[in-house]
Amino acid sequence: MMALLPEFDPADVGAGRGLIDRLTADAAALLRDVLAEILRRNSHTEYLGRFLDRASPGASAADLRDAFKERVPVSAYEDIEPYVRRVASGEPSSILCSEPITHLLTSSGTSGGQLKLFPSTAEKLDQRLFYNGVQALLRKMHLHPDQGDRRGKGMYLMFIFPGSLTSSGLPIMASSSAYYHSSQFREHDIGGFGRCTSPIEAVLCPDGRQSMYCQLLCGLLDRGVVDHVGGTFANAFIRGIQFLEDNWEEMCSNIRTGRLSDWITHAPLRDAVAARHLRGPDPALADEIASECARKPWDGIVRRLWPGARYILAIVTGSMSQYIPVLESYGAGLPLVSPMYVCTECAAGINLNPLDIPSAVSYALLPNIAYFEFAEVTHGDDEKVQAGTGLYDNLGELKLVDLVDVKIGRRYELIVTTFAGLYRYRVGDLLTVSGFYNATPLFRFTGRCGVVLKIDFESISEEDLLKAISQAYELHLRPLGYMLGGSTAYADISTLPGHYILFWELATAEGNHVATDIDRAVMENCCLAVENCFDQMYRKSRRRGSITALEIRVLERGAFDALMDLFLSRGTSASQYKTPTAIRSEQVLLVLEERVSGRYFSQETPNGPL
Ligand code: AMP
């Protein structure tokens with residue numbers, strides 16, 4: 001039997017290939033072992049004991065597995081929240097899992113809308129180490145096969161969320177923060193942090209602005225050795241480039257004089273940058289950077305500032321796909337590498353072909369990290385999935401299949417059982433099977449379950465919405481050189497009949513912000529192009545008049561930054577933040593409403609078959 005977390009060296013490509021083959025070919029056996037081990041350790045916890053109480057102490061792995069399959073219900077956050085709260089207030093971890101719970105991890109709550117807390121253990125950090133190592137291995141295999149030890153560095157932006165403590169003293173933090181603070185990371189990081197330009201003091205700095213400034217500054221200082229740039233999610237990296245656009249003159253002045261700006265006051269960060277990075281005046285480097293930054297438009301800025309960069313590393317699937325045109329413009333032909341599918345509940349999705357173009361990206365779930373099951377979702381199920389009732393709550397009606405039994409072309413909701421206290425837990429993501437690698441399925445990320453917009457009888461999924469926006473953009477805005485810097489949608493029923501509103505932040509190729517000067521007809525055509533992509537029920541409702549013309553509200557520069565700041569102030573970590581594809585909260589709406597600079601409506605009813 002293969003160890004669940006085998007040790008390996010990500011630089012050893014030959015051995016690495018063998019590891020990937022074993023993980024994907026033996027998926028069924030690994031999953032069986034994972035479930036057996038989770039149940040062996042945890043069947044007597046208070047949570048699982050409620051369902052497995054008849055499993056005798058000497059029950060075989062097969063008995064426990066059968067009992068699990070028969071009796072343990074699918075769970076949602078509401079089911080585990082009371083247990084998490086009890087652990088938070090000092091009750092023993094064993095009510096949920098046999099391993100001591102060492103942290104509570106915050107999920108970003110931006111895609112699903114609700115900030116959640118998940119238990120974490122030391123073992124979960126070991127898993128993270130393994131997972132990051134597999135990604136480093138895949139990058140080495142596909143992106144740096146020829147570089148040996150001469151590899152360059154990554155200008156990869158990473159942030160932590162300072163976190164807090166529960167009343168019993170348990171740390172609450174984002175999963176990336178827990179990892180960067182961990183001994184696993186400090187002592188054994190095999191995921192390649194040592195190859196990043198950001199000093200760890202900048203990553204750990206609790207002040208987001210100081211952290212961003214210094215990470216970019218160090219990225220510029222190391223520009224000659226950078227071989228890739230990026231951040232976890234595309235929007236965080238774009239925010240970094242925009243920050244650079246606003247601050248490059250000051251950074252160049254720091255490089256020219258060899259003196260860090262006084263407003264960088266976080267002592268460990270100041271010391272680290274001064275001691276290890278900004279070691280003296282370098283007017284020649286400052287001039288080179290300044291001449292590139294002063295040249296508008298900023299198309300190709302990544303290639304110009306980091307001439308050795310071979311790719312941009314950032315998640316660009318799902319809601320992040322809206323940022324692809326902006327990244328393509330910054331990268332001027334550099335491949336976009338979307339390396340992982342990761343969530344706080346369980347980090348397990350890897351892209352086995354990192355050079356696939358974004359629209360073809362699929363992820364394999366590592367079968368040694370958790371036990372994965374799937375509930376099939378057909379298109380008509382979306383509304384029930386959104387409501388979170390009816391369809392899946394009755395285990396008798398629910399048809400769960402194992403990871404290795406999913407079928408190509410079908411769409412599923414992901415259900416995970418982890419070592420750290422989640423049992424048949426609905427992650428809330430929809431995944432469509434695109435193929436198999438050995439015995440392991442590959443999934444396209446299709447969207448969040450809760451993101452279905454609805455006013456009348458239509459039902460617009462996250463995927464539908466993103467496709468419609470992308471088509472409208474390609475048809476009407478890209479040819480004019482505009483860039484879409486952010487988009488979110490709102491189903492407005494405050495006046496009847498209701499209508500859809502899209503909030504868009506736009507820029508010209510020169511990097512100038514589009515406020516009121518955009519051609520009205522172009523925007524009206526965009527509205528119609530989006531509507532034309534919506535479903536037949538939408539078109540019917542529009543023709544009947546039970547939904548009125550779709551509206552695009554163009555926003556002032558910085559509106560999506562303000563939105564992100566709102567989420568950060570509520571506890572979301574900057575590394576995990578994802579621009580919500582659709583919004584529901586009044587407070588979020590207000591942030592955008594205050595920054596609207598133009599309003600445009602469809603001038604025709606959408607065409608297409610009824
Ligand atoms: P969090 O728990 O805050 O880290 O957010 C995790 C969520 O981010 C997942 O459940 C997905 O909805 C989303 N997500 C993670 N990875 C990807 C990806 N590769 N593509 C699209 N969405 C993703």
Side-chain angles (χ1 to χ4, degrees), residues 76-77 103-120 124 128 131 135 138 158-161 163 172-179 230-237 313-324 327 336-354 356 358-366 370 372 385 412-416 418 420 422 425-432 434 442-452 461-463 465-466 564 567-568 570-582:
Y77 189 62
H103 295 85
L104 294 180
L105 302 181
T106 52
S107 87
S108 61
T110 44
S111 40
Q114 182 191 9
L115 200 67
K116 298 170 186 157
L117 291 177
F118 293 104
S120 181
K124 205 163 170 204
R128 185 69 191 237
Y131 176 68
Q135 286 182 56
L138 286 162
M158 291 162 278
F159 303 92
I160 58 137
F161 173 68
I172 300 181
M173 45 175 78
S175 58
S176 46
S177 312
Y179 181 66
T232 309
F233 286 96
N235 57 353
F237 177 68
L313 186 67
I315 291 175
V316 289
T317 46
S319 63
M320 292 298 119
S321 61
Q322 60 179 293
Y323 296 106
I324 292 171
L327 289 180
L336 304 182
V337 173
S338 192
M340 61 185 158
Y341 161 66
V342 59
C343 48
T344 307
E345 293 88 326
C346 150
I350 49 163
N351 178 353
L352 292 169
N353 293 306
D356 275 351
S359 57
V361 166
S362 291
Y363 304 98
L365 293 170
L366 292 175
F372 299 105
V385 170
Y412 298 91
E413 183 181 347
L414 174 63
I415 315 277
V416 294
T418 68
L422 299 182
Y425 179 80
R426 292 173 66 170
V427 172
D429 288 336
L430 298 173
L431 305 175
T432 303
S434 56
L442 304 175
F443 294 99
R444 220 162 34 75
F445 182 87
T446 320
R448 288 289 299 175
C449 292
V451 187
V452 180
S461 70
E462 183 170 23
E463 197 181 22
L465 182 65
L466 290 167
M564 177 166 175
F567 280 103
L568 301 195
R570 288 173 172 184
T572 296
S573 135
S575 287
Q576 280 170 277
Y577 175 77
K578 299 149 218 80
T579 310
T581 321

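Both counts, for ligands and for their atoms, begin at 1 and track the order of listing.
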Check: Phe159 ring centre within less than 6.0 Å of Tyr577 ring centre
no

Within the 4.0 Å heavy-atom cut-off, what Asp429 brings close to ligand 1 is side chain

Can you list every pair that meets side-chain hydrogen bond (donor to acceptor under 3.5 Å, both in side chains) and has a residue in residues 340-353, with sequence neighbours left out?
Tyr341-Asp429, Thr344-Gln576

Under 3.5 Å, is there a donor-acceptor pair linking the side chains of Thr432 and Thr446?
yes

Measuring from the heavy atoms of Lys578, does anything fall under 4.0 Å of ligand 1?
yes

Return a yes/no value for Thr344: is any of its N or O atoms, backbone included, closer than 3.5 angstrom to an N or O of ligand 1?
yes

Do the side chains of Pro580 and Phe567 get nearer than 4.5 Å, heavy atoms only?
yes

Are Arg128 and Tyr131 in a cation-pi contact, defined as NZ or CZ under 6.0 Å from the six-membered ring centre and within 45° of the axis?
no

Report yes if some N/O of Phe445 lies less than 3.5 Å from some N/O of ligand 1; otherwise report no.
no

Any Met340 heavy atom less than 4.0 Å to ligand 1
yes

Side chain, backbone, both or neither: which applies to Phe233 and ligand 1 if a contact is any heavy-atom pair less than 4.0 Å apart?
side chain

Taking heavy atoms and a distance under 4.0 Å, where does Thr317 meet ligand 1: side chain, backbone, both or neither?
both

Residues forming a ring-ring contact (aromatic ring centres under 6.0 Å, His included) with Phe237, sequence neighbours excluded:
none

